[in-house]
Amino acid sequence: MQYEVDKLGFYGKYGGAFIPELLHSNVEELEDNYLKIINSDSFQKEFRALLRDYVGRPSPLYFAKRLSEKYNTKIYLKREDLNHTGAHKINNTIGQILLAKRLGKTRIIAETGAGQHGVATATVCALMDLQCVVYMGEIDIARQAPNVSKMKMLGAEVRPAKSGSKTLKDATNEAIRDWINNPKDTYYLIGSVVGPHPYPDMVALFQSVISEEIKKQLIDKENRDYPDRIIACIGGGSNAAGAYYHYLDDEKVDLVSVEAAGLGINSGESAATSVLGSDGVIHGSMTKLMQDKDGQIIEPYSISAGLDYPGIGPLHAHLIESGRSKVLNATDEEAIKAGLLLTRLEGIIPALESAHALAALEKIDFKPEEVTVVNLSGRGDKDMKAYLVSAGKHIKF
Amino acid sequence: MGKERINNLFNENKKEILSIYLTTGYPEIDSMPVLAEKLAEAGVDFLELGMPYSDPLADGETIQYSSSIALKNGIDFDQYFNQAKAVRQKVVIPLLFMGYFNQVLRIGIDTFLDKCVDSGIDGLIIPDMPPEVYKNKYKPIFDKYDLGLSFLITPTTSDERIKMLDELSSGFVYVVSTSSTTGKTNGFSDSQIDYFKRINKLNLNNPMVIGFGISDKQTFRIANKYSDGAIIGSAFIKALKGSKDIERTAMEFAQNILK
Ligand SMILES: Cc1ncc(COP(=O)(O)O)c(C=O)c1O
């Protein structure tokens with residue numbers, strides 16, 4: 001595979017493990033064991049069973065008839081929103097919790113922005129009876145109260161990240177520092193295809209179930225196992241990595257990644273990393289990130305807390321650099337409108353993150369016979385407040 | 001002078017060596033040069049000048065805090081170099097920069113190293129630059145400059161890896177006393193002492209300097225007993241916090257450790 005990670009953990013020039021020596025043994029333990037464990041029969045059996053019976057997989061591939069009519073083409077939605085806990089995040093947390101157990105870890109830490117990954121982590125910790133600490137930016141704790149309550153109800157401790165800008169990147173820093181200070185019993189359960197090698201590869205593997213299913217489901221529906229195009233939003237890029245995975249080397253399939261433009265690319269309030277960013281190191285990985293002239297990391301902005309991250313996973317940096325994937329972006333307003341449109345056409349309220357992927361439909365020239373899959377990464381329950389405030393400007397509730 | 005200045009210091013066979021870490025731009029944007037001068041005057045043997053970073057993964061709360069204040073004060077790369085230059089004109093002891101790899105990458109490794117030399121910097125500590133990548137990719141660039149480069153060793157580093165890190169280091173190796181971010185511990189446990197002894201037995205090429213968790217005269221003494229020197233960071237930054245006369249605080253802090 002052309003887009004597979006190499007021995008040192010690089011995708012082309014991106015990736016690697018740019019970590020302080022303090023983390024070396026933690027990361028080495030993972031690196032030495034992850035493939036062996038993941039590829040073992042017992043792991044696969046347990047992982048597959050939980051995805052089926054607990055998460056509710058396979059998630060449907062739904063032909064969105066009215067949406068297709070609107071754009072005069074064939075649009076399918078991969079319904080990750082129907083997973084337990086409401087997003088694709090659970091595919092990854094199930095995989096990593098099984099790995100953590102096999103490594104003999106007793107304490108789980110995670111970072112979260114919107115709280116989706118935090119909830120998915122707290123959920124699998126409850127399931128496996130493991131101690132759970134979730135780091136969350138102080139500002140996000142205030143913005144995402146319902147998810148904070150869910151995590152607490154599930155038995156997790158939510159620790160406010162008070163450093164830096166008090167959002168996702170700082171929660172990630174705090175989680176990494178916790179891991180440094182607790183090298184023996186603690187497993188760091190990262191939420192996207194970011195962080196030092198082997199995390200990006202591992203998370204992509206767990207999420208790859210998405211494209212594995214798309215392949216099978218398309219045969220039934222379209223008599224072929226590939227679409228012409230896959231559209232997914234990218235924060236760190238895990239739902240996109242999962243939706244692309246089995247098509248990475250299949251150049252017939254266009255890969256379209258949608259970034260959050262916030263108030264507009266040049267507004268100073270944006271999270272469009274591939275446009276505004278440059279090469280550098282964030283959270284242990286060489287990738288594209290938003291930084292100033294001195295290499296200080298810039299705090300991004302998006303209405304969608306899940307896309308509000310100043311970097312992207314190294315796989316995506318490589319896909320973009322090599323031209324394999326194409327990046328579009330959507331502003332807050334475009335995403336809100338796209339979310340509303342889906343709600344009214346199909347009766348599905350999407351997560352604001354997924355609404356960014358839907359907003360890209362406006363920016364593509366479709367042919368009627370083309371098959372497009374939009375990865376509907378999550379449901380909109382958590383975003384009702386934002387929808388009510390912003391969508392209220394366009395329609396009456 | 002570069003790494004030769006560091007080598008000369010360790011060749012003097014002093015009984016105890018004290019290094020102090022200070023955050024450039026803290027507490028005021030232009031505090032560092034005056035503090036450095038006072039510390040040198042008090043007898044500190046070398047200085048670690050921190051380049052504040054927005055996302056300092058290896059630092060504990062105290063140094064994170066000082067870095068965020070320094071960044072709010074408006075500290076930037078030009079000033080790191082200009083202030084280092086000002087210090088170099090006043091003091092003769094070795095000066096090291098400590099910063100994160102992304103900062104170095106951003107201005108360009110060659111440019112960065114060139115400016116370090118130009119500013120009178122003698123060595124570097126870049127805690128998140130992976131030794132494997134350094135060896136395969138960046139070493140030829142670093143080799144063009146005569147700067148010391150100290151890799152970190154931790155309690156979980158294997159003997160084999162310690163030897164590799166020693167091979168790649170110059171000036172000294174930085175022995176992290178604990179598996180913990182800076183500013184976390186107080187006093188040394190038996191297992192930490194065993195760890196220092198284990199490194200001593202490896203007969204490294206470079207002098208070893210212990211850092212993290214050294215906060216007072218006692219921990220400074222013990223660290224020097226098992227190594228060639230000790231670095232104090234968080235405890236010094238803490239002393240500055242809330243001080244009304246930072247020059248005097250710096251002087252007294254160093255004198256207290258060295259008396
Ligand atoms: C529904 C949903 N989609 C997408 C994302 C973005 O993450 P990623 O880019 O890793 O898929 C999030 C993150 O919280 C999310 O909750």
Side-chain angles (χ1 to χ4, degrees), chain A residues 7-10 13 15-29 161-166 168-184 186 195-197 278-287 289-299 310-311, chain B residues 51-61 63-65 67-68 71 75-80 99-108 112 125-134 136-137 150-158 161-162 165 173-176 178-182 184-185 212:
Chain A
K7 275 213 177 72
L8 285 173
F10 282 86
K13 64 177 170 170
F18 292 79
I19 48 169
E21 187 63 24
L22 296 145
L23 267 181
H24 178 79
S25 64
N26 304 30
V27 169
E28 189 180 43
E29 182 187 19
K162 296 179 180 171
S163 59
S165 50
K166 304 180 177 62
L168 177 58
K169 85 171 170 66
D170 311 285
T172 308
N173 292 337
E174 293 293 315
I176 292 174
R177 289 187 191 110
D178 181 313
W179 202 26
I180 289 175
N181 292 325
N182 298 286
K184 295 241 157 64
T186 296
H197 176 68
S278 49
D279 291 358
V281 171
I282 181 170
H283 299 139
S285 182
M286 177 79 73
T287 187
L289 66 120
M290 290 166 58
Q291 54 184 331
D292 72 8
K293 67 170 184 27
D294 289 348
Q296 309 289 350
I297 296 175
I298 293 173
E299 189 55 25
Chain B
M51 305 189 294
Y53 187 49
S54 56
D55 294 72
L57 278 184
D59 288 312
E61 259 172 56
I63 292 174
Q64 281 176 51
Y65 168 80
S67 298
S68 68
L71 289 170
I75 196 78
D76 67 6
F77 246 112
D78 288 343
Q79 296 183 72
Y80 302 152
Y100 285 81
F101 190 52
N102 193 50
Q103 299 174 283
V104 178
L105 264 186
R106 181 62 172 162
I107 65 164
F112 176 77
I125 301 166
I126 310 169
D128 61 341
M129 180 169 69
E132 295 82 1
V133 176
Y134 167 76
N136 292 338
K137 200 163 167 189
S150 299
F151 281 94
L152 270 56
I153 289 170
T154 81
T156 54
T157 312
S158 68
R161 192 169 167 84
I162 290 175
L165 294 165
V173 291
Y174 193 129
V175 176
V176 178
T178 162
S179 289
S180 170
T181 46
T182 57
K184 274 268 168 182
T185 52
F212 287 43

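Residue numbering restarts at 1 for every chain, and letters A, B, ... go by the order of the sequence lines.
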[X] portion near chain A, given a 4.5 angstrom heavy-atom threshold:
X	result
B/Pro56	both
B/Phe151	neither
B/Leu152	both
B/Leu71	side chain

Look only at the side chain of [X] and the backbone of [Y], and say whether a donor-acceptor pair between them is shorter than 3.5 Å.
X	Y	answer
A/Asp294	B/Asp76	no
A/Asn173	B/Asp55	no
B/Arg106	A/Gln296	no

Could you pull out the closest heavy-atom pair between B/Thr156 and A/Ser25, with the gap in Å?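 Scanning both residues, the minimum pair turns out to be OG1-OG, 3.2 Å.
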Which heavy atom in B/Tyr53 sits nearest to a heavy atom in A/Gly295, and how many Å separate them?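 Minimum heavy-atom contact is CE1-O, 3.0 Å.
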[atom1]-[atom2] distance between [X] and [Y], expressed to the nearest 0.5 angstrom:
X	Y	atom1	atom2	answer
B/Tyr100	A/Ile297	OH	CD1	11.5 Å
A/Glu28	B/Thr157	CD	OG1	9.5 Å
A/Lys293	B/Ile107	NZ	CD1	10.0 Å
B/Ile162	A/Glu21	CD1	CD	9.0 Å

Residue selection (most heavy-atom pairs with chain A, distance under 4.5 Å) from B/Gln103, B/Met129, B/Arg161, B/Glu132: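 Looking at each option in turn, the highest pair count goes to B/Arg161.
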Side chain / backbone / both / neither for [X] at chain B, heavy atoms under 4.5 Å:
X	answer
A/Gln291	both
A/Asn26	neither
A/Ile19	backbone
A/Ile282	neither
A/Lys162	neither

Considering only heavy atoms from C-beta outward, does the side chain of A/Met286 approach that of B/Val133 to under 4.5 Å?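 No, every pair of side-chain atoms sits at 4.5 Å or beyond.
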Heavy-atom side-chain contact between B/Asn102 and A/Leu289 under 4.5 Å: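 A side-chain contact under 4.5 Å exists here.
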Go through the steps to decide whether A/Leu23 and B/Leu57 satisfy the test side chain to side chain contact (heavy atoms under 4.5 Å, CB included), and finish with yes or no. CA-CA 10 Å; A/Leu23 267 181; B/Leu57 278 184; 5.5 Å; no
